[in-house]
Amino acid sequence: MTDVASTCDPGVSRLIGWFRTDGADFPWRRTRDRYAVLVAEVQLQSTQVGRVVPYFEAWMTRWPTACDLAAASLGEVLAAWQGLGYPRRARNLHLAARRICDVGWPGAADLTDLPGVGPYTAAAIRCFADGAPVLPEDTNVARVLARRFPDGWPGTPQGLGWEVGQAFMDLGREWCTARAPRCDDGCPLRAGCPAASAGAVLERTPPRRRQSRFDGSMRQRRGVLLRELTAHGSVVADRDAAAAASLVADGLARVDGAVLVLPEHP
DNA sequence: ATCCGGACTA
DNA sequence: TAGTCAGGAT
């Protein structure tokens with residue numbers, strides 16, 4: 001492992017030496033459990049680590065395996081998801097668990113066949129669970145790569161999968177931040193960094209798209225309705241017909257007469 | 001190109 | 001109060 005690290009880009013080798021190895025904030029990244037990584041990374045996409053960890057631990061206690069989750073009802077899953085943001089992700093996770101329990105995991109190259117699993121989550125599973133030399137590119141990592149390796153990332157050395165992924169993510173969060181990167185405050189990738197040498201923050205890697213305000217939004221209205229629905233099992237549909245229709249369209253609710261109820265198992 | 005949930009922060 | 005945030009589906 002040390003041998004491999006010493007043969008890759010010196011900056012990366014320094015980075016690996018620098019990153020925190022406790023892993024306390026990311027228990028799932030040491031489990032080598034694909035299901036655990038899937039659950040946690042999807043949860044993380046909706047909120048931040050500090051808030052996710054308790055949810056994750058409760059989730060894994062309640063549904064330790066994909067088949068345990070598959071056996072749950074969508075209503076239970078949505079109720080447990082309360083506070084984690086987009087309920088779509090919970091539904092996709094539930095669907096994915098059913099498929100995994102039923103027919104097993106897709107091939108390593110086809111993880112994105114699972115509902116709600118895109119390039120990032122697939123890479124995270126390969127990296128953190130499988131230990132594959134794959135770098136999960138979230139927006140933070142993409143920013144680090146764009147600044148430090150504008151001509152392309154040379155690739156993760158074999159045998160250093162999760163260490164490199166964790167290191168890049170930590171670096172993106174703590175040093176190579178979007179607005180005020182701490183280049184000269186001990187960044188392990190400082191040497192040879194074109195962005196730091198240019199003395200500029202550079203443009204943000206993906207041009208940010210503004211999001212419509214939350215107050216009064218359909219997101220908020222859906223949230224109100226779904227909270228009621230998961231808490232009581234039903235809610236009067238015409239209380240907010242548009243939001244109700246939106247939930248139904250997403251498979252998160254079903255109309256039963258005048259009330260909105262949880263959908264049947266698909 | 002837009003939508004999606006809600007907590008955090010300036 | 002207003003802006004920011006992130007991956008995936010459509």
Side-chain angles (χ1 to χ4, degrees), chain A residues 25-26 28-29 37-56 59 74 77-97 99 106 110-128 134-146 165 168-174 176-181 201 203-231 235 240 242-253 266:
Chain A
D25 290 346
F26 304 92
W28 56 87
R29 288 181 181 163
V37 173
L38 172 62
V39 169
E41 296 297 332
V42 171
Q43 290 181 335
L44 264 180
Q45 288 161 21
S46 294
T47 185
Q48 285 137 348
V49 178
R51 279 174 38 77
V52 159
V53 170
Y55 278 96
F56 171 73
W59 191 281
L74 179 56
V77 173
L78 290 175
W81 194 263
Q82 276 300 324
L84 283 176
Y86 306 129
R88 226 179 237 180
R89 298 196 196 279
R91 179 172 185 267
N92 283 332
L93 190 54
H94 191 221
L95 291 172
R99 190 179 304 178
D110 299 316
L111 289 170
T112 54
D113 289 350
L114 294 170
V117 175
Y120 168 76
T121 310
I125 291 169
R126 295 283 297 132
C127 174
F128 297 125
V134 170
L135 183 60
E137 267 192 54
D138 64 2
T139 54
N140 291 325
V141 174
R143 183 176 59 248
V144 175
L145 292 179
F168 267 90
M169 293 181 136
D170 283 350
L171 186 75
R173 276 190 304 109
E174 299 181 15
C176 202
T177 57
R179 292 185 302 105
V201 170
E203 66 276 18
R204 296 167 164 214
T205 32
R208 300 282 178 197
R209 301 186 295 268
R210 74 191 187 288
Q211 178 170 285
S212 56
R213 58 186 303 104
F214 181 66
D215 286 334
S217 69
M218 187 59 73
R219 298 188 307 262
Q220 184 181 45
R221 291 159 60 190
R222 284 165 51 115
V224 168
L225 227 48
L226 192 63
R227 221 170 0 256
E228 182 83 9
L229 179 57
T230 56
V235 61
D240 188 336
S246 173
L247 288 174
V248 170
D250 278 358
L252 294 166

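Letters A, B, ... mirror the listed sequences (proteins, then strands); counts begin at 1.
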*Asks:* Could you pull out all residues at least two apart from A:E137 that satisfy side chain to side chain donor-acceptor pair (under 3.5 Å)?
*Replies:*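 Testing A:E137 for side chain to side chain donor-acceptor pair (under 3.5 Å), a comparison that skips the adjacent residues, returns none.
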*Asks:* Report the residues that fulfil side chain to side chain donor-acceptor pair (under 3.5 Å) with A:Q43, sequence neighbours left out, ordered by chain and then residue number.
*Replies:* none
*Asks:* In whole angstrom, give me the gap between the P atoms of C:dA6 and B:dA10.
*Replies:* 14 Å
*Asks:* Considering residues at least two apart in sequence or located in another chain, which fulfil the side-chain contact (heavy atoms from CB on, under 4.5 Å) criterion with A:R227?
*Replies:* A:Q82, A:V224
*Asks:* Distances for protein N/O vs nucleotides 7-10 of chain B N/O pairs under 3.5 angstrom?
*Replies:*
none

*Asks:* Which whole-number value in Å describes the distance from A:Q43 CD to B:dG5 P?
*Replies:*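 Those two atoms, CD and P, are 17 Å apart.
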*Asks:* Scan for salt bridge (Lys or Arg N to Asp or Glu O under 4.0 Å) pairs involving residues 243-252 of chain A, sequence neighbours excluded, and state none if there are none.
*Replies:* A:R88-A:D250, A:R222-A:D250
*Asks:* Does A:R99 use its side chain to pair, donor to acceptor, with the backbone of A:D113 at less than 3.5 Å?
*Replies:*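 The answer is yes, because a donor-acceptor pair under 3.5 Å joins these two groups.
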*Asks:* List for me each residue that meets salt bridge (charged side-chain N to carboxylate O under 4.0 Å, His left out) alongside A:D138, sequence neighbours excluded, and say none if there are none.
*Replies:* none
*Asks:* Can you check the A:R143 CZ to C:dG7 P distance for me, whole Å?
*Replies:* 10 Å
*Asks:* Rounded off to whole Å, could you give me the CD-to-P distance for the A:E137 and C:dG8 pair?
*Replies:*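 Distance check: A:E137 CD to C:dG8 P gives 12 Å.
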*Asks:* Atom pairs under 3.5 Å, N or O on each side, protein against nucleotides 1-3 of chain B: can you list them with distances?
*Replies:*
none

*Asks:* Roughly how many Å is it from CZ in A:R91 to P in B:dG5, rounded to a whole number?
*Replies:*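 Taking CZ of A:R91 and P of B:dG5, I get 14 Å after rounding.
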*Asks:* Main chain of A:D240, side chain of A:R221: is a donor-acceptor contact present, judged purely on distance under 3.5 Å?
*Replies:*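 Flag not set: sc A:R221 to bb A:D240 has no pair under 3.5 Å.
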*Asks:* Could you name each residue pair satisfying salt bridge (Lys or Arg N to Asp or Glu O under 4.0 Å) that touches residues 39-53 of chain A, not counting sequence neighbours?
*Replies:* A:R29-A:E41
*Asks:* Just the rounded figure in Å: distance from C1' of B:dG6 to CD of A:Q45.
*Replies:* 16 Å
*Asks:* Could you list, one pair per line, each protein nitrogen or oxygen that sits under 3.5 Å from a nitrogen or oxygen of nucleotides 1-3 of chain C, together with the distance?
*Replies:*
none

*Asks:* Please enumerate all residues that pass side chain to side chain donor-acceptor pair (under 3.5 Å) together with A:E228, with sequence neighbours excluded.
*Replies:* A:H232
*Asks:* A:V117 or A:Y86: which one's nearest nucleotide on DNA chain C is closer to the 5' end?
*Replies:* A:Y86
*Asks:* Which part of the nucleic acid, if any, lies within contact of A:R221, taking any heavy atom under 4.0 Å across all strands shown: a base, the sugar-phosphate backbone alone, or nothing?
*Replies:* nothing
*Asks:* Atom CG of A:D215 and atom C1' of B:dG5: how far apart are they, to the nearest Å?
*Replies:*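 Going from CG in A:D215 over to C1' in B:dG5 covers 12 Å.
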*Asks:* For A:E228 and B:dG5, what is the distance between atoms CD and P respectively, to the nearest whole Å?
*Replies:*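 Nearest whole value for this atom pair: 16 Å.
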*Asks:* Indicate, with a heavy-atom threshold strictly under 4.0 Å, whether A:D250 touches base, sugar-phosphate, or nothing.
*Replies:*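 Touches nothing.
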*Asks:* For A:L44 and A:L114, take the nucleotide of DNA chain C holding the closest heavy atom to each; which residue's nucleotide lies nearer the 5' end?
*Replies:*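 Its nucleotide being nearer the 5' end, the pick is A:L44.
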*Asks:* Does A:F56 have any ring pair (Phe, Tyr, Trp, His ring centres under 6.0 Å) partners at least two apart in sequence or in another chain, and if so, which?
*Replies:*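 Counting only residues at least two positions away or on another chain, A:F56 forms a ring pair (Phe, Tyr, Trp, His ring centres under 6.0 Å) with A:W28.
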*Asks:* For B:dC4, take OP1 and OP2 only and decide whether either is under 4.0 Å from a side-chain N or O of A:R89.
*Replies:* no
*Asks:* Who pairs with A:A79 by side-chain contact (heavy atoms from CB on, under 4.5 Å), at least two apart in sequence or on another chain?
*Replies:*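 Residues passing side-chain contact (heavy atoms from CB on, under 4.5 Å) with A:A79: A:T230.
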*Asks:* Establish, from distance only, whether the side-chain atoms of A:R143 and A:N140 form a donor-acceptor pair under 3.5 Å.
*Replies:* yes
*Asks:* When the P atoms of B:dA7 and C:dG8 are considered, how many whole Å apart are they?
*Replies:* 23 Å
*Asks:* To the nearest angstrom, how far is A:L84 atom CG from B:dC4 atom P?
*Replies:*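 Atom CG in A:L84 sits about 19 Å away from atom P in B:dC4.
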